[in-house]
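First comes the structure, then the notes that go with it.
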Amino acid sequence: CSRHPSTKWAQRLDKVYLTIELPDAKDVKLNLRPDGHFNFSAKAPADDMQYELDLELFDAVSVEESQAAVAPRAICYLVKKAEGKWWPRLLKKEGRPPVFLKVDWDKWQDEDDEDAGFGDFGDMDFSKLDMGGGDDDDDEIEEEDEDNVVDSANKGDVDAEREPGSKGGEAPSAAGEEAKP
């Protein structure tokens with residue numbers, strides 16, 4: 001006996017986002033075929049129950065350009081559509097969608113919002129979904145960012161002196177002078 005995990009979806013003109021909500025999934029298997037057939041299976045460690053999905057997506061997809069990421073809280077799949085067009089629904093079959101399938105309103109974008117670019121996650125880096133941490137390189141980046149913030153703040157003091165109508169002529173604060181490299 002298997003269950004269907006709670007699954008959310010959203011689309012853009014050229015892609016579909018699938019988010020399978022199954023925390024700490026084990027033995028994750030994903031299969032996407034060019035005709036749009038999507039299979040998923042995994043076990044939940046809490047109850048050792050098998051979860052499965054077998055979805056026939058509305059239209060053909062590009063398997064080579066699609067990406068998957070298994071994160072601690074969910075499995076994310078960015079499915080690249082074969083043709084850049086809006087689908088009227090996620091599944092080929094018409095009618096009411098299954099109860100486990102919901103719209104992901106956080107990523108949803110209407111067809112007429114496309115030009116405005118609202119909420120586009122197309123540049124999402126799936127390799128960074130592992131929120132495990134412990135990477136020492138992040139500390140170096142944070143230190144560099146802090147230096148840039150200090151430089152930007154100091155540059156702002158100089159610009160404020162030059163702007164008409166601003167607090168021109170005032171000396172930069174002592175804290176600002178100490179922060180200069």
Side-chain angles (χ1 to χ4, degrees), residues 1-138 141-142:
C1 181
S2 66
R3 296 182 183 170
H4 300 292
S6 178
T7 305
K8 296 193 290 186
W9 77 284
Q11 75 170 314
R12 299 289 187 278
L13 181 65
D14 60 340
K15 60 188 141 260
V16 171
Y17 299 98
L18 291 175
T19 305
I20 302 165
E21 297 174 331
L22 192 60
D24 303 320
K26 303 185 304 187
D27 303 325
V28 175
K29 294 182 178 104
L30 297 161
N31 185 26
L32 179 65
R33 295 194 320 229
D35 65 354
H37 201 103
F38 174 74
N39 292 335
F40 163 83
S41 68
K43 284 188 177 183
D47 56 9
D48 207 36
M49 177 64 82
Q50 183 75 22
Y51 286 81
E52 295 180 354
L53 283 177
D54 187 11
L55 304 175
E56 191 173 349
L57 302 179
F58 182 78
D59 206 351
V61 298
S62 172
V63 176
E64 300 81 29
E65 295 180 66
S66 298
Q67 303 174 42
V70 179
R73 308 284 301 148
I75 294 90
C76 302
Y77 212 123
L78 175 70
V79 179
K80 180 77 169 150
K81 296 178 184 177
E83 291 183 52
K85 65 180 182 180
W86 289 93
W87 293 354
R89 59 190 174 277
L90 177 64
L91 304 177
K92 186 170 284 211
K93 183 180 173 186
E94 290 189 48
R96 188 177 181 103
V99 294
F100 61 85
L101 191 60
K102 310 248 185 279
V103 172
D104 189 345
W105 293 113
D106 293 333
K107 293 180 182 146
W108 188 262
Q109 182 180 41
D110 288 326
E111 190 172 349
D112 53 348
D113 289 340
E114 179 190 10
D115 295 334
F118 295 122
D120 188 8
F121 297 98
D123 296 331
M124 180 181 240
D125 186 357
F126 281 85
S127 66
K128 298 197 190 271
L129 283 178
D130 183 11
M131 305 293 185
D135 192 4
D136 292 336
D137 293 339
D138 291 342
I141 293 170
E142 288 176 17

**Item:** OG-CD distance between S6 and E21, expressed to the nearest 0.5 angstrom
**Value:** 4.5 Å
**Prompt:** Does a side-chain heavy-atom distance below 4.5 Å link V79 with L57?
**Reply:** yes
**Item:** Donor-acceptor contact below 3.5 Å, side chain K92 vs main chain R89
**Value:** no
**Message:** Could you work out, with side-chain hydrogen bond (donor to acceptor under 3.5 Å, both in side chains) as the rule, every residue matching K93, not counting sequence neighbours?
**Reply:** none
**Message:** Under 6.0 Å between ring centres: does that hold for F40 and Y77?
**Reply:** no
**Request:** Quick one: closest heavy-atom pair of A25 and A42, and the distance?
**Result:** CB-CB, 4.0 Å
**Asked** Where the side chain of K81 meets the backbone of R12, is there a donor-acceptor pair that is under 3.5 Å apart?
**Response** yes
**Request:** Output every pair passing salt bridge (Lys or Arg N to Asp or Glu O under 4.0 Å) with a member in residues 51-78, not counting sequence neighbours, ordered by first then second residue.
**Result:** D59-K85
**Asked** Rounded to the nearest 0.5 Å, how far does CD1 of I75 lie from OH of Y51?
**Response** 11.5 Å
**Request:** Output the distance between atom CG (L53) and atom CG (N39), rounded to the nearest 0.5 Å.
**Result:** 8.5 Å
**W87 to A60 - nearest heavy-atom pair and separation** = CZ2-O, 4.1 Å
**Request:** Tell me, with the steps shown, if F58 and L91 meet side chain to side chain contact (heavy atoms under 4.5 Å, CB included).
**Result:** CA-CA 5 Å; F58 182 78; L91 304 177; over 6 Å; no
**Complete:** Rounded to the nearest 0.5 Å, the CG atom of N31 sits from the CZ atom of F38 at a distance of 9.0 Å
**Request:** List the steps and the verdict of side chain to side chain contact (heavy atoms under 4.5 Å, CB included) for Y17 and L78.
**Result:** CA-CA 5 Å; Y17 299 98; L78 175 70; 3.3 Å; yes
**Request:** List for me each residue that meets side-chain contact (heavy atoms from CB on, under 4.5 Å) alongside D104, sequence neighbours excluded, and say none if there are none.
**Result:** K8, A10, T19, D106, K107
**Request:** Search all heavy atoms of L32 against all heavy atoms of V63 and return the closest pair with its distance.
**Result:** O-CG2, 3.4 Å
**Message:** Taking NZ in K43 as the centre, count heavy atoms belonging to other residues, nucleotides or ligands within less than 6.0 Å. Is the count above 12?
**Reply:** no
**Prompt:** Just how far is it from atom CD1 of I20 to atom SG of C76, taken to the nearest 0.5 Å?
**Reply:** 8.5 Å
**Message:** Once you measure the plane-to-plane angle for F100 and H4, does it fall in the parallel (<30°), tilted (30-60°) or perpendicular (>60°) bin?
**Reply:** parallel
**Request:** Take D48 and K26, measure what side chain to side chain contact (heavy atoms under 4.5 Å, CB included) needs, and give me the verdict at the end.
**Result:** CA-CA 9 Å; D48 207 36; K26 303 185 304 187; 3.6 Å; yes
